[in-house]
Amino acid sequence: MSFLELNNLQVGYEKGSSVLNDFHMTAEKGELISLLGPSGCGKTTTLRTIAGFIEPTRGQVLIHGRDYTKTPPNKRNIGLVFQSYALFPHLSIFENVAFGLRMRRVSSSEIKKRVAGALAMVDLTGYENRLPAQLSGGQRQRVALARAVVIEPDLLLLDEPLSNLDAKLRVGMRAELHRLQRQLGLTAVYVTHDQVEAMSLSDRVLVMNKGKIEQEGKPEEIFYRPATPFVARFMGFDNQFTGRVKSIGDNQVGIEAGTYRLTARPHFVPDVRVGDSVDVLFRPEVAQLQRAPGDNAVPAEIVFRTFQGNAGEYLVRCALGEFTVAVAETSPSFAPGAIHVHIAPEHLIVEKHTDE
Amino acid sequence: MRRSPLLLAAFIIVFTFLLGPFLIILIASFSGDASMAFPPKGFSVQWFRKVLEVRMFRDAFWTSLQLAVASTITALALGTPVAYALVRFHFRGQNLVEILFSLPAIVPELVLGFGLLQYFALRANVPIFPGLYFGHTAILFPYAVRVVSTSLRNFDPAIEEAAISLGASRLKSFLLVVMPNLRAAFLAAFILAFITSFNNVSVSLFLTGPGVATLPIQMLAYMEMYFDPTIAALSSIIIVITFAIVQTAERAFGISQHI
């Protein structure tokens, strides 16, 4: 049995429309699971159901084998971290962190010890007497983290905790979060719409769409082998063209697209047959620009180029459509005009054609 | 910004009509003459002294003060949970409830006063002060609900949920986390309701009776008999005290953002 189990969960806000339907999810002890998806996919609803703020119309929430489905949120021993930090504005940092311990009637000497420990853990020793308004965003989120873990929760739930921080801080906080979760051996559920965040933090990622799990797996699996068109697009397979399957081999699929013959990875092959119309997808980073024609290359024309600091991006147009191609800044630059776009077979994925 | 003479004229007119009456009353209350006149003849502070000496004003002041404090506290105590329910929960018939609770603020006060008279004094035979108390609580209630719910709406619900997830019950999280952060809003609601009650004429008019009168009603009664500057002096005192209270509260808590 898993440490956290959501069984057959159904959550509906209004009659008829349900946010989650027959939802299953598990987490092992000490694991960090990400719920990844666009807004409205049901990831926050899932989190709030685990926390107890939403009561499911059907199904069970099991933590450590105990049925928590009907337990009110204040009796669940779950640590919560919010996007808005949600610190108590009128209380000092010390009292913010001590709040959960006071609710548990921990003795004041013990509170002092544990709050000091928690603040040291997030590197905020010396900030005890400040008010939340006197702290920076990153510091506030560290207080929120300390406040959530000081109660030694069975489960740590994080709802887009880094979304309010600027890009540089986000990377630092990500590392800190990761270290803390490992160090304390906490089981955590992490809600995010940011695939990079999910990739770098999680043991397992659940990609959600419209209240359902599209794919569940290790970050590498999700990143390199998206199981559905939705996941592929969400994971950055931004370029797409249509083609027809010509042959299916053990290690590759032959594709005819327009007048071109290309080879692709057979990843989605199980539900694709020879002669089927398919979508072929690839990431902007894996395409290469070259002057000479070659295998798996399509003649194209550079429309324009944007500079993005450490990388450049080209917009190219060819007979198959418009693609974006990302290149490292150190690579030779190409003048507008004729070019060839090469994509290695292992980077081309094939899926059944949809009219989306 | 370029000053347009038209804008300046509008400015002067508005201020004349807003502040002019207050100024006239303030000046008239220092009159040396026994009848109200403007500009006053002579200068004296005798009318202020008289205000303090007249028994009926003192009694009416205490009645008004007690009434305002009691009905304000009651309206806030009843209005806060209602505001909380309206903001935090969604239930069927919510709009209807919202309209129902704001009725006393929409219905003309004279109609409300007459209704309350019918109900309390004539049917239920409620004594005068309790009748006033119920009547004032009814007119203050919508203000309390409005001010408290406005500031509750601006209060991040995640903060409350954080408290709950840390082990606080909903009531505890409200008392320990929400209330302390809505202090300014409560103060604003208190002052607004207090002043509304203290100045109310239309509802009190129906509900006062022998021996019990609020200050505004007593002032009306006094003016029917005498026309000396005592009323002006009393009005000046009320204006100055009201202004002082509002100003102090604004300085200390910035209450105007909650009204």
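What you see is a predicted model; the values in this text were computed from it and never measured. Just so it is clear: chains get the letters A, B, ... in the order the sequence lines come, proteins before strands, and each one is counted from 1.
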Enquirer: Based on non-hydrogen pairs under 4.5 Å, which of A:Arg76, A:Arg102, A:Arg104 is most in contact with chain B?
Expert: A:Arg104
Enquirer: What option among A:Arg147, A:Lys75, A:Gln83 has the most heavy-atom pairs under 4.5 Å with chain B?
Expert: A:Arg147
Enquirer: Between A:Leu101 and chain B, with a heavy-atom cut-off of 4.5 Å, which part of the residue counts as in contact: side chain, backbone, both or neither?
Expert: neither
Enquirer: Any chance NE2 of A:His24 has more than 12 other-residue heavy atoms, nucleotides or ligands included, within less than 6.0 Å?
Expert: yes
Enquirer: Answer yes or no: are there more than 12 heavy-atom neighbours, outside A:Phe99 itself, under 6.0 Å from its atom CZ?
Expert: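 It does: A:Phe99 CZ has more than 12 such atoms within range.
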Enquirer: Taking atom CZ of A:Phe53 as the centre, report whether more than 12 heavy atoms of other residues, nucleotides or ligands fall under 6.0 Å from it.
Expert: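 Correct, the count exceeds 12.
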Enquirer: A:Asp203: which residues meet the salt bridge (Lys or Arg N to Asp or Glu O under 4.0 Å) condition with it, sequence neighbours left out?
Expert: A:Arg182
Enquirer: If you count heavy atoms of other groups shown closer than 6.0 angstrom to CZ of B:Phe91, is the number above 12?
Expert: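 Correct, the count exceeds 12.
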Enquirer: Between A:Ile151 and chain B, with a heavy-atom cut-off of 4.5 Å, which part of the residue counts as in contact: side chain, backbone, both or neither?
Expert: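 Only the side chain of A:Ile151 comes within 4.5 Å of chain B.
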Enquirer: So does B:Leu176 get a backbone contact from the side chain of A:His90, meaning a donor-acceptor N/O pair under 3.5 Å?
Expert: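 Yes.
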Enquirer: Give me the contact list for residues 157-169 of chain B versus chain A, heavy atoms only, anything under 4.5 Å, ordered by residue number.
Expert: B:Ala158, B:Ile159, B:Glu161, B:Ala162, B:Ala163, B:Ile164, B:Ser165, B:Leu166, B:Gly167, B:Ala168, B:Ser169
Enquirer: When heavy-atom pairs shorter than 4.5 Å are enumerated against chain B, which of A:Pro153, A:Gly79, A:Ser84, A:Ala51 gives the highest number?
Expert: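 Counting heavy-atom pairs under 4.5 Å, the top option is A:Ser84.
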Enquirer: Kindly indicate whether the side chain of A:Phe82, heavy atoms from C-beta on, has any atom under 4.5 Å from the side chain of B:Asp156.
Expert: no
